[in-house]
Every structure is written in structure tokens, then in C-alpha cells.
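Note sheet for the following structure.
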Number of protein chains: 2
Amino acid sequence: MTAAGNDQASRPVGRRLERAGIRDVAAAAGVSITTVSDALNGKGRLPDATRRHVREVADRLGYRPSAAARTLRTGRSGLIGLTVTTYGEEPFTFTEFAYFAEMARAATSAALARGYALVILPASSRHDVWANVALDGTVVIDPSDQDPLVSELVRQGVPVVSDGRPAGSLPVHAWVDNDHEEAVLSILDHLSAAGARRIGLLTGTSTDTYTKLSTTAYLEWCERVGQEPVYEAYPAHDPCAGAVAADRLLSRPDRPDAVYGLFDPNGTDLLAAARRYGLRVPDDLLLVCCSESGGYAGTDPPITTLSLQPRRIGTAVVQLLIDAIEGVGPAHPVQQVMPTELIIRASSQRRPHRTTVSPPRGPGRGQG
Amino acid sequence: MTAAGNDQASRPVGRRLERAGIRDVAAAAGVSITTVSDALNGKGRLPDATRRHVREVADRLGYRPSAAARTLRTGRSGLIGLTVTTYGEEPFTFTEFAYFAEMARAATSAALARGYALVILPASSRHDVWANVALDGTVVIDPSDQDPLVSELVRQGVPVVSDGRPAGSLPVHAWVDNDHEEAVLSILDHLSAAGARRIGLLTGTSTDTYTKLSTTAYLEWCERVGQEPVYEAYPAHDPCAGAVAADRLLSRPDRPDAVYGLFDPNGTDLLAAARRYGLRVPDDLLLVCCSESGGYAGTDPPITTLSLQPRRIGTAVVQLLIDAIEGVGPAHPVQQVMPTELIIRASSQRRPHRTTVSPPRGPGRGQG
DNA sequence: GGCCCCTGCTGAACGGTTTCTGCAAGATCT
DNA sequence: AGATCTTGCAGAAACCGTTCAGCAGGGGCC
């Protein structure tokens, strides 16, 4: 059956009308598929007339090359992964949401500008989705040495660039990070210059390089200037713990007269704690925290923040990754250190003394 | 040449050592590639022993199926697109950054939870990247009728779900939106209840449905309660224009004693403008704005905000999209209207006059 | 005139998986 | 014992571009 004499096409008669393939275009244009491919991709040796003709026929048929087929053949998907640590169900940690959002936005832009699209993936390499998406390369934010994600990717030959120094000896192709020591030192100096005598630190208990480097820099600074360290550490992924730690820090007998908080919500938490203890900011307590949130421009008082410049980081990371994918740039690992920006607001500057008389206050005064 | 007697494999001798393919696994396990595929995907009729054996060999060889090949064969990539309007170079509009960030985050989570990954794409369908990525479906935020993106996607058979009612008669498979009329009315009622006599609106000049619906609802409310409309419209994508418009609104001869701002930065802008004109908030001016930014909890005073609940929207949109992709759920277009949330803070509540002796309290007063 | 090169185009292999069809051998039933 | 069913597995097509190798014909060169 179906042996009816229509010998015009060797393709099955009942072919689905779904989408035009390159073979359909070739047939309609009266050329070979090679010619179609070359014409559409600007390759081969073809006169302009042929190119135009093929392009026109392709347009008429609404031809869209199959990305999957192209990826399979060329080994390039045009996709780069962005993987972020996951606590619970949500990607992005709560405490560093603004950072990740900005960084991801910049990374997306940078990727798009170079013709790549960005896919957001969970940090656990065990998630199914990793197996189902063809990646040309991956950006890993704060890679941990726990998860074998990076090693696994590298083993598969996928270029990996990390935001943050890789822990241990992870074989990333490049990394980008801030100069955290320098940042902490500049803040401590800034606070000292504003009149701080005892600077406290609100830090984290986790072992990521950001926390470690910052804390170490603080301790070294204390040693150098001869100040006793005054700090509280808490699990940074727990938003409530931050408020408690801020409270602890300000209720200590050796209460600091200036505090730097390493995490985004610390500003709010410290402000609230200061209010509880009747401390005026900046008169009784100078405040700086690391944050990308613009909200600290509108608090009372506005809080000085350290920006890690996630936009720059996201852009740089993607550039390095795509360079690695495309084989341009140096073959050896690249390490790029980016500056931070201290946005100075009222909370870290002593007011010109208007009322002078402000006796030392005891702790535990309500919201007078 | 190379005719040396090793007839063990018909594959070329110098095969690259790159990655093990399904054929390698089949050869190593002494079975056919069909058996490998079935064993690994839990299909076919195979005894457990064979399944285990194949799995073990695959593990030993570090076999990872090629996502590209699978996509080519099955027509499923496991990728869904999220496309956002682009102003200039950055994806996400500046004014609604927090909204998009939260929405994208929720969408990413929801997609991941169902085994899909999310790709962020530019709103212009002309961008090359659209042709290079195989999408199972797309979420479009605030689709405009200018860009033929949606029609083009639908023509290609790609399911499309939109966040925001589609303008014109775009053939989306489903949409999700807030009940903007209801939201505006509830805010106006809230402000009235707080003592507002003349409520102003800070709105936009663009023609998207959010702006249109909200403005219309305001005008109708004014007509119903017999208030003369007092509003200023400005191009919402221009951050400076917002500050100017806020200033204009508060400098009018018929100055409102309460204002609702449709866009995220309006709260800050109105607060600054109020300060310039010596207006105390909430005593002289009640303020509400639509925002997802947590920063308004920390301003002085804290500002009441309307949240569009981008998390819910992002989740819902992705669920609908994946339902459409997988063919579950209703075949006909779905329209889902989500509630908003009014987060009441000091800026929209007349302060209880503390200096006076507290009058008899009515029911439902706050935390006494 | 013979040789070589250049132009314009084509055939066919290739990439790696999924899946339909089908076959042989053993088990079960009558 | 023969018919039928089930089990366990294999062969090969299909998915759809890209690209290597090469062919025919025309022109230029010595």
C-alpha cells in the first residue's frame, strides 16, 4: 500500500507539518542542504545571489534551525550555568539576596552581550537538572569543598570560573574576588578616624573565605593597633540569629563604640539593638555594614555600607568564563581581585556636636 | 593502512578519549545500547541484575548522557525561558528591580522543583540567543504588543505564559496577574479610613496594563466618592523623573493629604519631597507605595507598601507553564488572578496623639 | 593544448540518544 | 506435543544540523 506513483519526494508521505527543517528549505530552494547551511551561516563559497535566494526561501518557510541539533553537532550550546548555594527551597541565600540578585543580573547581561544565555542551577551536583542541560561553562558562586560539583564539572571538561576564592584546591579555570582584607582595613581605619576607640565585629560562623578573610583581617588589625577584639559570630544563614548576635554584641560589658557587620541584615539588626539600649547612632555608636541594599540610604540614620560591587564581579566572572570557553585569553588560571566601595553615610560620621551633654547610658533602657 | 588485525571494534581506532558515550557503556557491559538506555532510564523489560550491572559499568566509566542528543531525540530540553523587558543594556527595569528579582527567584525555584532549569532571555525576539537555545516553554513578563515575540513563539509551538495580562490579543496559553483594581481600591479605602480627605496618585505614562488598570481604578474611585482626581504621571523607567513628579504633586495648590505611588522608588521620592515642603509623614501627609523592597520598613517613618507578591506570581506562572508543556491541566487558556498584600506601616496611619489622654478605643486597634 | 586553479555546489558521514519493531528462548497451558 | 504467552534483549531508524571531501566546469597561464 501507499505505493501510489507520487515519486516526488523520498521522505515519508505523511510527514508531520510541524516545523520546516533544513531539508525542506533545501528542497524548496532547489539546492542541497550543505548550500542551505552555508548560505545561512555565512560560510562556504557561494555567490550572493544564491545566499539571498536561500535566505529568502528559509524566511518564507519560517525556518528555524534546531538548537538541539546544532548543539549536538558543534558541541556548543551557548549556555552557561550560574550556580548558587541553596538553603532550603530557595536559591540564593537569604542574607545575601541583594548581592546575588545584582550579581546575577550583571552576569546575565554580560552573557547576553556575548551571545550566551545564562541558566540558574542549584548548587548541589546531585540535582537531576544538571544532567539534563548542556553547558558550555559554569560560574560557581562561593564554591565549597564539600560538594564535588566543581571537580565533577572540571572532570567533564566544562570550564568553571568562581566568584570568590575557591576553597581548598578546587581546579577552577579562574576566579574573581574582592580584596576583603583591604576592605576591612579601610573600614576600621575609617571608623578610627571618625573617633572609634573600640571597634566590634559582627561576623559569621561559616568557613567560607569571605568570612574567614574578613575576620582574620579584623583580628590582625586589632593586634596591630593594640585593641582587644570584640566580636560575635553567628550562623549567617539564619536571619534571626543575626538580631540576637547584634544584641549580644551591644550588651557586652566591653561594649564597642563602633561596629562593622559582615552581612547585609546586620545594619538593621544593629540599629534595632542600639535603639533598645538607648544608644544613639552615630553619637554613641558608629555603624558600618556590608550590604548591597539601597535601603540603608533611607534608614534613620542612613547607614554606611561596604559594597562588594556585585555588578563588576558578575561581569568579570562571565567575561573570564566565556574567554575560557572560546579559548581566547591566557591558558593558565586567572585570579582577578576587584575593589570594593565604601559608601559613607551618617552612621559612621560623628555629628558636629550640637547638644554635647550625653552621659554614658546604661544598657536596657526601653525605646525612650 | 591501519588494517591491523584488531577487529574488536568497528569504531575508528583513534577515537578520542573525551567522554564515554552510550556505545562505550554498551560495549563494556556486553549489551546493546538499547539495553543501556532502558536500564538507565528505568524502561523496557529488564531483570534487576542486568539493570544493576549496566548502571555499575556506566558509573565506572563516568558516563553522562549527552543532554543535546537527548533533547534532539525527545524534543524536550528541560529548559524554560524567562524574558524581561530591557531598557538599555540591563535586563530588568530599574524601577521594578526588586519585583523582578523576587519573581525570577521564585520562578527559578519552582522550575527547579519540577526538574526544569530557567534561562533568562532578552525581551527582543531579534536577539541571536533566541535562535540558539531550545526552549520547552517561555514565561513572558509584561508582554507588549509591539514586539512580535509572543506570536512568534506561539507560531513555533512553544507554550507561553505571561506575568501580567497580555496586551491586545496575544495568544498566550495562560496568564497570571494581580487584581490591580481591587488593590488600588483597598489602598484608597485604607487611606480614607486613616483620615485622608484628598488622595493623590503618582502614576506612569506608559501603557502597560498595570499602570492603566491602576489609574483607571483610581479615577473611578474618585468619581464614586466625589473627589477631584489629583495625580501626576511620569515615564516610570526614568528614575529621576519620579523625584520630579513627586515634587510636582506636593507643590500643587490642591495638594493632596495622602498619596499612593505606583512604583517602587516613589516612597523615597515622596518622602524627600515631603521633607522639602516641611510636611510631616504621616501627620500632614499619608503615604503608600507599591514596592517589594524591604527597605521601606526601615525608613523614617516606615512606609506602608503594597506587595504584588512576586514570589507567588513567579511560582504560579511556572506551574502553569510546565503544566502546559507536559499537557496536564486544562487545555483552554487559564487566567489566574492573585491577591496583593498591603503591608501597613507608620506612613499611612495617623499617630495616636500621645500627649493627650487616650480616648476610648474602638475595636481592632493595634498592639495596645 | 595541457595543466592548474578557482568557483559553485553536492553527498554522505557524523554527533549520541531514544524508541519502535522484532526475534529467540523459555515458561505455561491445553 | 503443539500453541501461545512472556521475558530478555538487539537492530536500526529517526532526530536535524554541520562539515569534510570532492566533483564538474570554466578560466587563466605557459
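Order of the sequence lines fixes the chain letters, A, B, ..., with proteins taken first and strands second; residue numbering starts at 1 for each chain.
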| Nearest-nucleotide comparison on DNA chain C, the residue closer to the 5′ end among A:R45 and A:T34 |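 Nearest-nucleotide comparison on DNA chain C picks A:R45.
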Among [options], which is the nearest nucleotide to the side chain of [X]?
X     : options                : value
A:S32 : C:dG11, C:dT18, D:dA10 : C:dG11
A:D38 : C:dG8, C:dG16, D:dT19  : D:dT19
A:I22 : C:dT17, D:dT18, C:dC9  : D:dT18
B:Y63 : C:dT18, D:dT19, C:dT17 : C:dT17
B:L46 : D:dC9, C:dG8, D:dG17   : D:dC9
B:T35 : D:dG17, C:dG8, D:dC9   : D:dC9
B:K43 : D:dT18, C:dT19, C:dT17 : C:dT19
A:T74 : C:dG11, D:dT19, C:dG16 : D:dT19

| task | List the atom of B:W175, the atom of B:P166, and the distance in Å for their closest heavy-atom pair. | result |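 Here B:W175 and B:P166 meet closest at CD1-CD, 3.1 Å.
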| task | Record whether the side chain of B:R23 comes under 3.5 Å of the base of C:dG16 through a donor-acceptor pair of N or O atoms. | result |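 By the distance-only test, yes, there is a pair.
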| said: So, under a plain 3.5 Å distance rule, would you say the side chain of B:R70 forms a donor-acceptor pair with the base of C:dT17? | reply: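 Flag unset: no donor-acceptor pair detected.
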Classify the nucleic acid contact of [X] as base, sugar-phosphate or nothing, counting any heavy atom under 4.0 Å across all strands shown.
X     : value
B:T71 : nothing
A:V36 : nothing
A:R51 : nothing

Can you list, pair by pair, the side-chain donor-acceptor contacts under 3.5 Å of residues 317-330 of chain B, counting residues two or more places apart and other chains?
| unit_1 | atom_1 | unit_2 | atom_2 | d |
| --- | --- | --- | --- | --- |
| B:Q319 | OE1 | B:R114 | NH1 | 2.8 |
| B:D323 | OD1 | B:R114 | NH1 | 3.0 |
| B:D323 | OD1 | B:R114 | NH2 | 3.2 |
| B:E326 | OE1 | B:R114 | NH2 | 3.4 |
| B:E326 | OE2 | B:Y116 | OH | 3.0 |

| In whole angstroms, how far is the P atom of C:dC14 from the CZ atom of A:R76? |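 Computing the A:R76:CZ to C:dC14:P distance gives 22 Å.
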